[in-house]
Number of protein chains: 2
Amino acid sequence: MKNITDKLIDKIIATGNPTVVGLDTRIEYLPEQLTKNLKTGEDVSKALTEFNCKLIDALYDIVPAVKIQSAYYEMYAHYGIYALYTTAAYAMEKGMTVMADVKRNDIGSTAEAYAAAYLGASGFDYVTVNPYLGSDGIKPFVDKCAENNKGIFVLARTSNPSSSELQNLDVGGEPLYMRVGGLIAEWGKDQIGEHGYSSVGAVVGATHPDEARALRNKYKTVFFLVPGYGAQGGKGKDAAASFDANGSGAIVNNSRGIIAAYKTDKYKGMTYTAAARAAAEAMRDDLASALKK
Amino acid sequence: MKNITDKLIDKIIATGNPTVVGLDTRIEYLPEQLTKNLKTGEDVSKALTEFNCKLIDALYDIVPAVKIQSAYYEMYAHYGIYALYTTAAYAMEKGMTVMADVKRNDIGSTAEAYAAAYLGASGFDYVTVNPYLGSDGIKPFVDKCAENNKGIFVLARTSNPSSSELQNLDVGGEPLYMRVGGLIAEWGKDQIGEHGYSSVGAVVGATHPDEARALRNKYKTVFFLVPGYGAQGGKGKDAAASFDANGSGAIVNNSRGIIAAYKTDKYKGMTYTAAARAAAEAMRDDLASALKK
C-alpha cells in the first residue's frame with residue numbers, strides 16, 4: 001500500500017514541482033478589497049478563508065501541497081480555527097496534500113489527544129511535531145500515521161538564525177540535530193513506502209545546506225520538509241541539499257514569497273492570485289534548475 | 001511593579017497552596033448528566049465549559065491557578081477553542097491565574113504571532129513554550145511578558161518517561177536540560193519581580209527530583225511549573241525538590257487527580273466538584289507537609 005509520502009511524491013512528480021505553499025496568512029497580506037469591512041471575528045474568519053481558497057484555486061494544478069501555519073489562525077481564537085479547517089477542507093477537495101504546521105508535542109497521554117485532533121481519519125495529511133520530549137511524545141503521532149495513513153514531520157534542524165543554540169550542541173560526537181535525525185529514522189522505520197520514504201519525516205531548513213546534506217546522506221528513508229527558502233534567505237541550490245540523487249526526498253516550503261508575491265516589485269500590478277501563480281512557477285523552475293546540477 | 005509571578009506567589013501565600021489545577025478536560029471525565037445529549041460540536045463545547053466552570057466555582061478560593069491543556073480542546077476544533085477561551089475568561093473573573101498549556105514554538109516571525117495570540121493585554125497570564133528552536137523562537141514571548149505583564153514557562157526537564165532521551169544528553173559537561181535552564185535564566189534576567197523570581201519560568205517535572213533540585217540550586221531566579229505529581233507518579237516530597245528554602249519558587253500541577261477525583265475509590269459517591277475540592281485540599285496538605293521537612 002502506498003503511504004502518504006508515496007502519494008505526495010506522486011503529486012510532486014505529476015506537477016514537476018517539489019513545492020509546498022505556506023498559508024501563513026497574515027491579515028496584512030490580504031488585498032484591500034478583502035479587509036475594508038472587517039468588524040467581527042466572523043468577518044476576519046471569512047476574509048482569511050476567501051484569500052486562502054482563491055490562492056488554492058490559482059495553484060492547485062501546479063503545486064502539490066499546502067502547509068497551513070496554525071499561529072496565524074490561533075491569533076483569532078475559534079474564528080481563526082474555523083478558517084483553518086475550512087481552508088484545509090477546500091484544499092483537500094482540490095486534491096492537494098494538506099499539512100498542519102502546528103509543531104505540537106507533549107507527554108504521551110496529551111500527545112495522543114493532539115494526534116487524535118490532527119491525524120484523525122478525515123484529518124490533515126501531515127502535521128509537524130517537536131521532538132524535545134522524546135519518544136513517548138512522538139509515538140502517539142506515529143501510531144496515528146499507521147492507523148489512518150497519515151504523516152508527520154519532526155523538527156530536526158530548523159531554519160531560524162538561533163536554531164544552532166540547541167540543535168548544534170555536540171552530544172557525544174555528533175550534533176543534536178543528527179541525533180534527532182537518527183530518532184526520526186527509527187520512529188519511522190516500519191512505515192516506509194514504495195518510493196523508499198517513511199511517513200515519518202523531518203523538518204530541515206534550507207538555510208543550513210551542509211547540515212541538510214549530512215542528514216540526507218545518513219538517513220535515506222526520511223523525507224524532508226524544507227522551510228527557509230525565499231524570504232528567510234535560502235536559495236534553490238541550498239534547498240537542493242535536502243534532495244536525493246534522483247531529485248526526490250524533499251518538499252520545499254515558501255509562504256510569503258508566494259502568497260504575498262503581489263506586494264513585491266517583481267509582481268507589481270498583478271492580482272494576488274496571478275502573482276502567486278507566477279511566483280510558484282518561478283520557484284518550480286528555480287528548483288528544477290538547482291536539482292539538475 | 002509586581003510582575004505576574006509576584007502576583008501568583010501572593011495568591012499562593014494567601015491560599016497556602018502552591019497548586020495549579022490542570023483542566024485537561026477529557027470528555028470521559030465528565031459525569032453522565034453532562035454527556036448524555038452530546039449531538040453537535042456546540043453541545044460538546046458547552047459541556048466542557050460547564051464542567052470546567054463548576055470546578056472553578058468549587059476551587060477558586062483554595063487554589064490559586066488553573067492550567068488549561070489545549071490538546072483536549074483542539075480535539076474539537078473551533079468548538080473546543082471556544083470552550084477553552086470561555087473557561088479562561090471565567091477563571092480570570094474569579095481571580096485565578098490562568099495558564100495556557102500549549103507548548104508552542106516556531107521561528108521568530110511565527111513565534112510573534114503565537115505570542116500575540118496568547119499573551120495579548122487581555123490574554124492568558126502564562127503560556128508554556130518549547131525551547132528547541134533557540135532564542136529567536138522565545139524572544140517574542142519574552143517581549144510580550146514585558147509589554148503586557150505576562151509570563152511563560154519554558155520546557156526544561158519534562159515529566160514523561162522518555163524525556164531523558166534528549167534532555168539528559170551531555171552537552172559539554174552538563175545535561176541539555178541544565179543548558180536550557182541557563183538559557184531560561186538569561187532570557188528572564190530583566191524581568192525579575194519583588195519576590196526574586198522572573199516572569200520567565202521553567203517546566204520541571206516532579207518525576208525527576210534530583211534534577212529539579214540541581215536546577216533549583218543553580219537558577220535561583222527561575223520559577224518552576226511542576227507537572228508529574230499524582231497520576232504520573234510524583235509525590236509531595238518529589239515536588240518539594242523544586243522549591244526554595246523558603247517554600248517558594250514553584251507551583252505544582254495536578255490534572256486528573258483533581259478534576260476526575262470523583263472517579264477514584266477514595267472519593268467514591270461524591271459529586272465531581274466536592275471530590276475535586278477534597279482532592280485539592282489533600283494535595284495542599286501533602287505539599288505543606290513535604291515542604292516542612
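Hydrogens, waters and symmetry mates are skipped; everything else that's a heavy atom, side chains included, is used. Throughout, a chain's letter reflects where its sequence line sits, starting with A, and its residues are numbered from 1.
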Pick one of side chain, backbone, both or neither for Ala156(A), based on which atoms fall under 4.5 Å of a heavy atom in chain B. backbone
Can you tell me which of Leu183(B), Leu155(B), Thr110(B), Leu176(B) forms the most heavy-atom pairs within a distance under 4.5 Å of chain A? Thr110(B)
Taking every non-hydrogen pair under 4.5 Å, which of Arg179(B), Arg104(B), Gln232(B) racks up the most with chain A? Arg104(B)
Which residues share a side chain to side chain contact (heavy atoms under 4.5 Å, CB included) with Asn160(B), sequence neighbours left out: Ile107(A), Leu133(A), Asp136(A), Thr158(B), Ser162(B), Ser163(B)
Option that, when pairs with chain B are counted at under 4.5 Å, heavy atom only, ranks first among Gln69(A), Arg26(A), Glu112(A): Gln69(A)
Heavy-atom closest pair, residues Tyr114(A) and Asp101(B): OH-O, 4.2 Å
Which of the residues Ala117(B), Ser164(B), Ser135(B), Pro161(B) is involved in the greatest number of heavy-atom pairs with chain A at under 4.5 angstrom? Ser135(B)
Which members of residues 73-81 of chain A, sorted by number, sit under 4.5 angstrom from chain B on a heavy-atom basis? Glu74(A), Met75(A), Ala77(A), His78(A), Ile81(A)
What residue, out of Asp170(B), Asp106(B), Ile138(B), has the most heavy-atom pairs lying under 4.5 Å from chain A? Asp106(B)
Select, from Gly134(B), Gly172(B), Pro227(B), Ala71(B), the one with the greatest count of heavy-atom pairs under 4.5 Å involving chain A. Ala71(B)
Taking all atoms of both residues into account, what is the closest heavy-atom pair of Lys103(B) and Asn105(A), and its distance? CD-O, 3.4 Å
Hey, is OH on Tyr82(B) packed in by over 12 heavy atoms from elsewhere, all under 6.0 Å? no
All heavy atoms of Tyr132(A) vs all of Val180(B), minimum pair found to be OH-CG2, 3.4 Å
At a heavy-atom separation under 4.5 Å, does Ser109(A) approach chain B through its side chain, its backbone, both, or neither? both
